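Bear in mind the structure is a predicted one, so any value in this text is a computation, not a measurement. Quick note on labels: first sequence line is chain A, next is B, and so on, each numbered from 1.
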2 protein chains.
Amino acid sequence: MDLQLPDETDLLTEIAMAYYQNGATQEEISKRFAVSRIKVGRLLRKAREEGIVEITVKYHPVFSANLEQQLIDRFGIKRALIALDQPHEEEQRSLVAGLVSGYLSNALTDDTVVTVGQGRNISAVAEYMGVTAKRNCRFVCGIGGIHPRGGLTNADHICRQLVKKFGGSSETLYAPAFVNDPTIRASLMANPTITQTLDLARKADMALVGVGDMSSNSYMVDLGWFSAQEVSDARMHHGVIGDIAGYDFFDIHGNTSHNIMSDRIIGLNIEEFKQIPEVIAVASESSKSLSLLGALRTGVIDVLATSVSNAMAIINLDDLKQNKA
Amino acid sequence: MDLQLPDETDLLTEIAMAYYQNGATQEEISKRFAVSRIKVGRLLRKAREEGIVEITVKYHPVFSANLEQQLIDRFGIKRALIALDQPHEEEQRSLVAGLVSGYLSNALTDDTVVTVGQGRNISAVAEYMGVTAKRNCRFVCGIGGIHPRGGLTNADHICRQLVKKFGGSSETLYAPAFVNDPTIRASLMANPTITQTLDLARKADMALVGVGDMSSNSYMVDLGWFSAQEVSDARMHHGVIGDIAGYDFFDIHGNTSHNIMSDRIIGLNIEEFKQIPEVIAVASESSKSLSLLGALRTGVIDVLATSVSNAMAIINLDDLKQNKA
DNA sequence: CCTCTCTGTGTTCATATGTTCATTATAATG
DNA sequence: CATTATAATGAACATATGAACACAGAGAGG
């Protein structure tokens, strides 16, 4: 490999250093480096854009560490990645995604196998801008295709995006996520290509999944995954309040026994996710606190990524529930 | 635990967010939050000081990631933390220390046991300013006291500083690092207090050690650790070019068999360091590149923290050496 | 009770910085 | 080679920011 530096980078770095670390003014720097003051400004901007200078706003470190610790203590998870609250849903997602992205760039090494779920939150992780070293890991779809066309939040597309970002290879599950007839599912599940991919997904080192609430998956009704009747049944009679990866349902107690459509899904079920050593659950929307509580109680989750307010809400809800009991 | 936010923190965070992430001007913020513009400025400064806002200048991320990857590939280490070059040795140390400090604040969890070495580089890690969450880890001296008085770079003092920074407890090895007579060493090693501490150090999850070159430990001669004759012997006849933790010597090939004074040292030997799952070696001085190459080749090191130029030098030196072979 | 320091506040002003625009180098294309 | 498109540059200006100062309220000690 070539060890030559891109010439300018050196300058950028030195200038950024002088400005941000040593507190020099742009004018001083312009003299020292014999460039116009205005150019110094431009170089500094470039340094920020290229990620040479990174400005991060964290929650107060002590406090956010406390939050994390609480979640760890209560739910036996390994880490909690907690992002600042943002007024806009989009930005909130991106902020949470940034934390996950950072976490992954530490955690992923050569030969790590990651099972990838679907949805906007996972998609945001893959889309999150930011340079990182390439390595040779494998991203495997944990579920078939959901949105038939232009599915930017489908697992296969996300996998490819993740490869772009982190390096490695991706493996697509060539099947729809949902079929109407259990017998069709059975025949798909017998297909060697599909079996192979699913087997890899089951034995992955990590999984990256979203957590949904019951409103967020109304699109499932639209897509014909199941009937409005079934949804209402699940909510009313079985107390289902959320899902992992889009289709593995649970109630507020983390009970996962009411899975109404596991016989029509091509994707990992909740027991299979449990077998994966590190399941990273991502959920940024503030409407999901209750679902997250249930999700944490299933014991599936090892790393939770969410917002400050969700984290606090989860803890408060858990308190409530415990006091009742 | 109390989930109440320190009132102001919330404000600080929101303001910092608006300013640094959304690019709002201080004036805009002042209107939105109904405080004077100047106060916004002051709050922003406070946010920076408290570590809510963090501005870091990195080497060009792609390039530095490449450097790290090369070191990982060549020497089978787990991570390389590479800091920008600085003209002044002091600042260089502090920059490298900052990376290590950041790394530790991710890596240390409750009950982590860290064996701590001595020297200016390790001391710099402990002294490095920066807020971080407190946890309950244990720092154990891996070596006895070196500088008899005011030893700010002695392991025991560093341990206590680390506790201040990261929380937890520290354990001092109540013995001198060096004795003249092997029999004295033997009797010290039989002392239950000392044995206990050393045993803990041997079974640590992590170690934090410096790497020295043969010039940097001339102080050992001054302190009477060994004679000038012995040093020159080690260098000339055995090819010793550096040390880990101050007294575990190796040559350019990473050969550690010439340890001239292990029978007079109270501290972990190189084999014992090898048993520790994660040995973090810190060396910032640009004179140490050759020593670092040797150190990496011993296979003791799992995480290396050094400067860009050292990292590049190591790779180049390793190339040279390989071409010869 | 008063004074004194101390901290927090807003004002004014000098300075630092970003923006816009016209200009010039550079590259791309016929 | 001429010509256009594109990007880089610096000047002038407008704006944003930080520093020095002066003032007010809160405790502390007499």
Less than 4.0 angstrom from a charged side-chain N to a carboxylate O is my criterion; do [X] and [Y] meet it?
X	Y	value
A:Glu285	A:Arg93	yes
A:Arg138	A:Asp110	no
A:Lys46	A:Glu49	no
B:Arg32	B:Glu28	no

For this session: Measure from the side-chain heavy atoms of A:Arg42 and tell me the nearest of C:dT20, C:dC13, C:dG18.
Result: C:dT20
Seminar exercise, completed: Looking only at D:dC21, D:dG18, C:dG18, the nucleotide nearest the A:Ile38 side chain is C:dG18
Exercise. So do A:Val211 and A:Asn121 actually touch side chain to side chain, heavy atoms under 4.5 Å?
Worked result: no
For this session: Look at the side chain of A:Arg135 and the backbone N and O of A:Ser105, then say whether any donor-acceptor pair between them is shorter than 3.5 Å.
Result: yes
Exercise. Looking at residues 22-30 of chain A, who's got a heavy atom less than 4.0 Å off DNA chain C?
Worked result: A:Thr25, A:Gln26
d([atom1], [X]; [atom2], [N]) in whole Å:
X	N	atom1	atom2	answer
A:Leu12	D:dA8	CG	P	13 Å
B:Arg45	D:dA16	CZ	C1'	16 Å
A:Arg37	C:dT19	CZ	C1'	11 Å
A:Ile15	C:dA16	CD1	P	17 Å
A:Lys39	C:dT24	NZ	P	18 Å

Problem set entry | Pair listing, side-chain hydrogen bond (donor to acceptor under 3.5 Å, both in side chains) test, anchored in residues 79-88 of chain B, at least two apart | A:Asn106-B:Arg79, B:Glu68-B:Arg79, B:Asp85-B:Ser309, B:Gln86-B:Glu91
Problem set entry | Axis deviation across the helix from C:dC1-D:dG30 to C:dG30-D:dC1, five-pair ends, to the nearest 10° | 20°
Exercise. Does the side chain of B:Ser36 get closer than 4.0 angstrom to OP1 or OP2 of C:dG10 through an N or O atom?
Worked result: yes
For this session: Answer yes or no: does a side-chain N or O of A:Tyr19 lie under 4.0 Å from OP1 or OP2 of C:dT17?
Result: yes
